[in-house]
Amino acid sequence: MYDGSKILAGLIVFLALVTFPFWNNFGAKEWKQPELKLPPKEVATQCIESKEYMREQHMKILDDWRDQVVREGKRIYIAKRDHKEYQMSLQNTCMKCHDDKEKFCDKCHTTASVSPYCWDCHIAPKAKGN
Amino acid sequence: MNAFYGLFIVCALALAALVGVGGGGMTGLFAVAIPYAAVAIFVVGFALKVMCWAKSPVPFRIPTTGGQQKSLDWIPYARYDNPVNSRDTVVRMILEVLTFRSLFRNTTAVLGKTPDGKPQVGYFSEKWLWLAAILFHYSFLLIVIRHMRFFTEPVPLPIQWLDWADSILQIYSPTLYQTNLLFLAGLGWLLARRLLYPQIRYISNAADYFALFLIIGIALSGIYMRYVAKVDIVSIKQFTMSLVMFSPVVPKEIAPSFFVHLFLVCVLLAYFPFSKLMHLGGVFLSPTRNLPNDSRIHHHENPWNPKIKPHSYEAYEDDFREAMVEAGLPVVKQLEEEA
């Protein structure tokens, strides 16, 4: 080998960087999805759409709502699931039930390293302990 | 035609993953077996390739004179273009690896006309390739680092900062990453130049297009998941975390489009050590970049030369004096003197 020590050192550093996901979690057995604090039954029994739909699309819904309300003045959302009418509002609809940002929104956003800009304008309501 | 081969293979691979997971029920294969195999091939293949390169002899200094060579003390020389010591060579390497300095010197040949109407070849600086390469490579690096949010808990602050900075324009929700656009812009030009310029099209092989289409496929499948289809990202994190903890779990909520993305990444990893993409490791072993131009300062000995002891003429004559005298050859020391 020629310049073996230098090449080997570089190779080891590279492989250490590449295998970061593995050694970073070395020894851990399992990663559990964050547990969300859902509103109690007497406050609400269902969300505007199904759980799966909300998990995947809530950011799209909020983005659409923002555009509809602010730019077009429309405030009524008709649910895809049961055609019920809801007011398009983060604070008055979503957070009426999911009132604790830290125990609901932030749980997944933190683990997914997402920082939504909702809170640049909106102020999260004080948690009522729902 | 070569472009179609590359495009066809990538489409077939994407379709294989889609059919395999979506309808074929081969989730175990595409979600568990293939990712582990791909990472193993990448790590072992990369290491073996570099070790193989390390075993080949280092050539004689190749003084690619991008600048004035060091000669007399009063002639200023190009320190980083034509370095004579390791320190300056390291600077040259850093500039090469981080800023693609060689590519910055890229020229293009243009057939023009002299003032009196005769055809003449002219060479012009061509920076678009460099720009596309820089955009592509740095975006790719940032995208890979950003993806570490799926493999860490808690997500380290630098990765959170990167995520925040990358989506700082606050367009759309989920927020648009700037690197996604720059990545596609870079890739787009790298592909377009192969298709548009006849000279480059002529020297482009299927492998050149395959690598491009594969990475474009990875980018588009990722963009599709984030901005169009939307996937359950926390379930995906559960899957990726279980994968790196060696106890794979595949939540049912994950959409097939994710597995297309994952499979294309696996293909890229497994293909990497055998392809031109190995310039990732190879750039560090470029003999024209990593060797100082000191062939007039240090004696270079060929490392594979056999060891030959010096044999002076006097010693030679001592060995063969009698035979030389017998053959009538003149000798310095006579036979009598020796005795």
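Just so it is clear: chains get the letters A, B, ... in the order the sequence lines come, proteins before strands, and each one is counted from 1. As the structure is a prediction and not an experimental result, all values here were calculated from the model.
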Portion of [X] that has a non-hydrogen atom of chain A nearer than 4.5 angstrom:
X: B/Thr175; answer: side chain
X: B/Ile236; answer: neither
X: B/Pro57; answer: both
X: B/Ala255; answer: neither
X: B/Phe284; answer: neither
X: B/Leu280; answer: side chain
X: B/Asp232; answer: both
X: B/Met245; answer: both
X: B/Val249; answer: neither
X: B/Val155; answer: side chain
X: B/Phe246; answer: side chain
X: B/Ser56; answer: backbone

Which of [range] have a heavy atom under 4.5 Å from any heavy atom of chain B?
range: residues 8-25 of chain A; result: A/Leu8, A/Leu11, A/Phe14, A/Leu15, A/Val18, A/Thr19, A/Phe20, A/Pro21, A/Phe22, A/Asn24, A/Asn25
range: residues 67-88 of chain A; result: none
range: residues 111-120 of chain A; result: A/Thr111, A/Ala112, A/Ser113, A/Val114, A/Ser115, A/Tyr117, A/Asp120

Check whether more than 12 heavy atoms from other residues, nucleotides or ligands sit under 6.0 Å from atom [atom1] of [X], and answer yes or no.
X: A/Glu35; atom1: CD; value: no
X: B/Leu157; atom1: CG; value: yes
X: A/Gln91; atom1: CD; value: yes
X: A/Lys103; atom1: NZ; value: no

Options [options], ranked by heavy-atom pairs under 4.5 Å with chain A, top entry:
options: B/Lys237, B/Arg149, B/Lys55; result: B/Lys237
options: B/Tyr172, B/Phe42, B/Trp164; result: B/Tyr172
options: B/Thr152, B/Leu285, B/Thr240, B/Val39; result: B/Thr152

Scan residues 273-285 of chain B for pairs that pass salt bridge (Lys or Arg N to Asp or Glu O under 4.0 Å), counting only residues two or more places apart or in two chains.
->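 Of all non-adjacent pairs touching residues 273-285 of chain B, those that pass salt bridge (Lys or Arg N to Asp or Glu O under 4.0 Å) are B/Asp208-B/Lys276.
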Nearest 0.5 Å, please: how far is [atom2] in [Y] from [atom1] in [X]?
X: B/Phe150; Y: A/Trp31; atom1: CZ; atom2: CH2; answer: 10.0 Å
X: A/Lys6; Y: B/Ser86; atom1: NZ; atom2: OG; answer: 7.0 Å
X: A/Arg66; Y: B/Ser173; atom1: CZ; atom2: OG; answer: 8.0 Å
X: A/Met59; Y: B/Ile233; atom1: CE; atom2: CD1; answer: 6.5 Å

Open item on the list: Does any backbone or side-chain atom of A/Lys32 lie under 4.5 Å from a heavy atom of chain B? Answer side chain, backbone, both or neither.
Closed with: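 Contact with chain B involves no heavy atom of A/Lys32 at all.
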Check your understanding: With distance as the sole test, does B/Glu253 use its side chain to make a donor-acceptor pair with the main-chain N or O of A/Arg55 at under 3.5 Å?
Key ->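 No; judged by distance alone, with no hydrogens or angles, the pair does not exist.
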If we only count heavy atoms from C-beta on, is the A/Lys60 to B/Lys230 side-chain gap below 4.5 Å?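 In short, these two side chains touch, coming nearer than 4.5 Å.
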Are the side chains of B/Ser247 and A/Glu30 in contact, using a 4.5 Å heavy-atom criterion?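 With C-beta onward as the side chain, the pair stays apart.
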